[in-house]
Amino acid sequence: MSKNTIRSIKGTHDILPDQSWRWQQLENHVHDFMHRYGYREIRTPVFERTELFARGVGTDTDIVSKEMYTFRDMSNNSITLKPELTAPVIRSYLQHNLGRLTPLTKLYYIDHAFRQERPQAGRYRQFHQYGVEALGSPHPEIDAEIIAIAYFSLLELGLENLTIKLNSIGSRECRIAFRAALQHFLKPHLGDLSETSKSRFNTNPLRILDTKIPHEIEIVQGAPAMSDYLTAEDVQHYNQVKSHLNDLNIPFEEDNKLVRGLDYYTRTTFEIISPALGAQNSVCGGGRYDGLIETLGGKPTPGIGFAAGIERILMAAAVSQSEEPTVLVYLIVIDDDGRSTAFKLLHDLRDKGINADMDYLHRSMKSQLREANRLGAELVLIIGSEELKDGTVQFKNLKTGSQKAIPLDSVLAEISEKPD
RNA sequence: GUGGGCGUAGCUCAGCAGGUUAGAGCAUCUGGUUGUGGCCCAGAAGGCCGUGGGUUCAAGUCCCAUCGCUCACCCCA
């Protein structure tokens, strides 16, 4: 690469033609899948007011405190490239009062988000997710549906050996009690905790449970369990979610240490991990957020959703489902006389919905045939001065090698028949 | 922010104790066929050996710095 070329920004990637076909396939699958489950697409802007994330996601989360792309626009507003996709959807839901139409609003998206982290396998600064949000129902069936969508959509996209990790972190009331108990338990160990854990002790002690530091894991081992602090309603809700999952034969593992990193989660939280990935093995994460809509200025409305990482899915999914469409017919021009005839014929073919192309470099016939072969064309139409004279084209099948002269005006008919 | 690995042709990589004009395979282009692809053969093009500095008679090779890529920690999709 020349020293003068400009590179893409660290942690961002071009999706080249080799890969874009897989993206299209995945997106098509997602659209189709979501429609089957009764979800409608929503698209929100790439950037939002910074305040949306500060309020919605929580200022003491890693995302808000150190990973956002934030800048000032010309009106001196603080703007942030979306670091996650739920808060903007809720914002839009409230702004347009989408809940007016029906008490349960089911939305999905395929979108990109931005976080300023050190890139690594499966973690990029611009990354893509598809996800769903179901707004309005507090009932466990919708929790199960959300998990079902996450799980079955991933299966349909070709992922294997997935593990669903499931937990309930309770309603807001019992989290307050649990939080106090946790702080009470951790207080004597405060000196042994890492700096980050120490600061989380006050801001969000639940996240200390998620620690990866060995000696903290030991300390946390004896911590009070969230499950002991769930209210009777929380327990019942959780049990019903599990029961519905069992009804659908969706396998899951309970993990009472699973705490989603964003502040807004309540009750059901889940994560789906794939063994085909590296250290960043989570392909999907989600949960219930019964307080979020109220936090963002709406009336109290329950909600639940998930987001799945498209790059990670593409990394973990071995097979692509179908062949990329290729050029079917390639036109070859031998000498300048035939060029305009070929150009018009090319247009007619395309107009009739046939994948067709021709050479635009005035190359030798041999080169043009090579190109046709490289493109995977099945048929080649050759036009030279001799053909022009008697109004024909050479009709050649590249698979069999057979060739015949046919009248120019019968080309379309000939192609639509089974070529031989 | 912290740590490890790696930067030689478009791609994947050789380059062996520092020693003359820097190599291979694949890809590309041209030719072997006065109008016929794949396979085969021949040839061509393509490299400030990431950048800067240092050591040396001599640096792709050794040292330092720097930039970039990558993996991992943290956290997450």
Side-chain angles (χ1 to χ4, degrees), chain A residues 1-11 13 16 18 57 61-67 83-86 110-131 150 154 194-197 200 204 207 210-214 216 258-262 271-274 277-286 305-316 330 332-335 337-338 359 361 363-388 394-403 405:
Chain A
M1 191 179 340
S2 150
K3 59 189 171 183
N4 248 333
T5 54
I6 297 173
R7 304 183 51 89
S8 58
I9 288 168
K10 185 199 287 286
H13 294 279
L16 302 178
D18 272 356
V57 181
T61 59
D62 283 6
I63 291 176
V64 173
S65 63
K66 57 183 194 194
E67 295 172 359
E84 63 94 46
L85 276 3
T86 296
I110 302 174
D111 205 349
H112 42 194
F114 305 84
R115 288 183 204 168
Q116 204 159 170
E117 303 179 89
R118 195 71 146 246
Q120 152 185 2
R123 175 208 282 153
Y124 308 111
R125 290 185 169 183
Q126 176 179 352
F127 60 102
H128 299 73
Q129 299 181 322
Y130 70 84
L154 291 173
S194 64
E195 284 310 309
T196 50
S197 289
R200 282 175 188 159
N204 191 349
R207 284 188 53 202
D210 240 351
T211 183
K212 302 276 165 44
I213 304 168
E216 289 194 358
L258 178 69
V259 180
R260 304 262 89 232
L262 303 98
E271 180 172 2
I272 302 180
I273 60 178
S274 163
L277 295 172
Q280 308 302 322
N281 63 356
S282 169
V283 284
C284 172
F306 75 81
I310 294 177
E311 282 87 352
R312 292 184 186 178
I313 290 168
L314 256 17
M315 227 180 284
Y330 197 79
I332 289 179
V333 177
I334 298 173
D335 37 52
D337 297 342
D359 168 74
L361 295 172
R363 289 195 282 184
S364 69
M365 179 175 179
K366 186 192 189 84
S367 296
Q368 293 183 62
L369 270 161
R370 282 190 175 151
E371 183 69 11
N373 193 59
R374 178 175 25 242
L375 292 173
E378 284 176 34
L379 299 172
V380 141
L381 301 177
I382 304 168
I383 301 174
S385 46
E386 287 177 28
E387 286 72 22
L388 278 181
Q394 293 294 327
F395 184 98
K396 174 164 181 154
N397 183 320
L398 283 186
K399 298 270 189 292
T400 64
S402 69
Q403 181 175 335

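Chain A is the first sequence line, chain B the second, and so forth, proteins listed ahead of strands; every chain is numbered from 1. The structure presented is a predicted model; accordingly, all values stated were derived computationally and were not measured.
Remark: the separation of the C1' atoms in B/G25 and B/G15 is 15 Å, to the nearest Å. To the nearest whole angstrom, the two C1' atoms, one in B/G23 and one in B/G1, are 42 Å apart. The gap from the C1' atom of B/G46 to that of B/U8 amounts to 14 Å, rounded to the nearest Å. B/U21 and B/U12 have their C1' atoms separated by 26 Å, with the value rounded to a whole Å. Taking atom P in both B/C29 and B/G38, the straight-line distance is 11 Å, to the nearest Å. B/G35 and B/U30 have their P atoms separated by 16 Å, with the value rounded to a whole Å. Straight-line distance between the P atoms of B/C26 and B/G19: roughly 28 Å, to the nearest whole Å. With C1' as the reference atom, B/A27 and B/C69 are 23 Å apart, rounded to whole Å.
Rounded to the nearest 0.5 angstrom, A/E378 CD and A/K399 NZ are separated by 4.5 Å.
Nucleic acid contact for A/Q116: none, since no nucleic acid atom lies under 4.0 Å from a heavy atom of the residue. Contact annotation for A/E386: base contact, defined as any heavy-atom pair under 4.0 Å involving a base atom. Looking at heavy-atom distances under 4.0 Å, A/Q368 makes no contact with the nucleic acid at all. Across all strands shown, A/G278 has heavy atoms under 4.0 Å from sugar-phosphate atoms exclusively, and none from any base. Residue A/I382 is classed as a base contact, given a heavy-atom separation below 4.0 Å to a base. Contacts of A/Y124 with the nucleic acid, taken as non-hydrogen atoms under 4.0 Å apart, include base atoms. Within 4.0 Å (heavy atoms only), A/A372 reaches no atom of the nucleic acid at all.
For CD1 of A/I9, the number of neighbouring non-hydrogen atoms (other residues, nucleotides, ligands) closer than 6.0 Å is 12 at most.
Counting only heavy atoms from C-beta outward, the side chains of A/L398 and A/L369 approach each other to under 4.5 Å. The side-chain heavy atoms of A/N397 and A/L379, taken from C-beta on, include a pair separated by under 4.5 Å. Side-chain contact between A/L154 and A/C284 is present, with heavy atoms from C-beta onward closer than 4.5 Å. Inter-residue side-chain proximity for A/H128 and A/I110 is flagged as unmet; no heavy-atom pair is nearer than 4.5 Å. With contacts defined as side-chain heavy-atom distances shorter than 4.5 Å, the pair A/I332/A/D359 does not qualify.
Contacts of A/S385 classified as side chain to side chain donor-acceptor pair (under 3.5 Å), with partners at least two apart in sequence or in another chain: A/D335. For A/K366, there are no salt bridge (Lys or Arg N to Asp or Glu O under 4.0 Å) partners at least two apart in sequence or on another chain. Residues satisfying the side chain to side chain donor-acceptor pair (under 3.5 Å) criterion with A/E271, sequence neighbours excluded, are A/R260, A/S282. Take A/R125 and apply the salt bridge (Lys or Arg N to Asp or Glu O under 4.0 Å) test, not counting sequence neighbours, and it matches no residue. Judged as a ring-ring contact (aromatic ring centres under 6.0 Å, His included), and not counting sequence neighbours, the contacts of A/F114 are A/H112. When the salt bridge (Lys or Arg N to Asp or Glu O under 4.0 Å) test is applied to A/E311, no partner is found at least two apart in sequence or on another chain. Residues satisfying the side chain to side chain donor-acceptor pair (under 3.5 Å) criterion with A/Y330, sequence neighbours excluded, are absent altogether. Taking the salt bridge (Lys or Arg N to Asp or Glu O under 4.0 Å) definition, one finds that A/R118 meets it with nothing, sequence neighbours left out.
Of the candidate nucleotides B/G31, B/G35, B/C75, B/G31 has the atom lying nearest to any side-chain atom of A/S364.
Residue A/Q120 places a side-chain atom within donor-acceptor reach of the base of B/C74, judged by atom type and a 3.5 Å distance cut-off alone. Between the base of B/C71 and the side chain of A/R123 there is no donor-acceptor pair shorter than 3.5 Å. A donor-acceptor contact under 3.5 Å is not formed by the side chain of A/E117 with the base of B/C76.
A salt bridge (charged side-chain N to carboxylate O under 4.0 Å, His left out) with A/E117 holds for exactly one of A/R123, A/K66, A/K10; it is A/R123.
Residue whose closest nucleotide on RNA chain B sits further toward the 5' end, between A/S367 and A/G285: A/S367.
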Map every base of RNA chain B to its dot-bracket character, where paired means a Watson-Crick or G-U wobble contact with both distances under 3.5 Å and | marks a partner outside the strand.
-> (((((((..((((.....[...)))).(((((.......))))).....(((((..]....))))))))))))....
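Separating the CG atom of A/L277 from the P atom of B/C71 is a distance of 12 Å, rounded to the nearest angstrom. Taking atom CZ of residue A/R312 and atom P of nucleotide B/C75, one finds them 14 Å apart after rounding to whole Å. The nearest whole Å value for the distance from the CD1 atom in A/I334 to the C1' atom in B/G35 is 4 Å. A/E84 places its CD atom 8 Å from the P atom of B/A77, with the value rounded to the nearest Å. B/A77 atom C1' lies 14 Å from atom CZ of A/F114, rounded to whole Å. Taking atom CD1 of A/I310 as the reference point, atom C1' of B/C76 lies 16 Å away to the nearest angstrom. The separation between A/D359 atom CG and B/C29 atom P is 11 Å, rounded to whole Å. The OH atom of A/Y130 sits 11 Å away from the C1' atom of B/A77 (whole-angstrom rounding).
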Summary of protein contacts for nucleotides 37-43 of chain B, nucleotide by nucleotide, where a base hit scores B, a sugar-phosphate-only hit scores S (4.0 Å, heavy atoms) = BB-----
Pairs: protein N or O with nucleotides 2-8 of chain B N or O, under 3.5 Å:
{"residue": "B/U2", "atom": "O4", "partner": "A/R118", "partner atom": "NE", "Å": "3.4"}
{"residue": "B/U2", "atom": "O4", "partner": "A/R118", "partner atom": "NH2", "Å": "3.2"}

Give every pair of a protein N or O atom and an N or O atom of nucleotides 67-69 of chain B that lie under 3.5 Å apart, one pair per line with the distance.
{"residue": "B/C69", "atom": "OP2", "partner": "A/K10", "partner atom": "NZ", "Å": "3.0"}

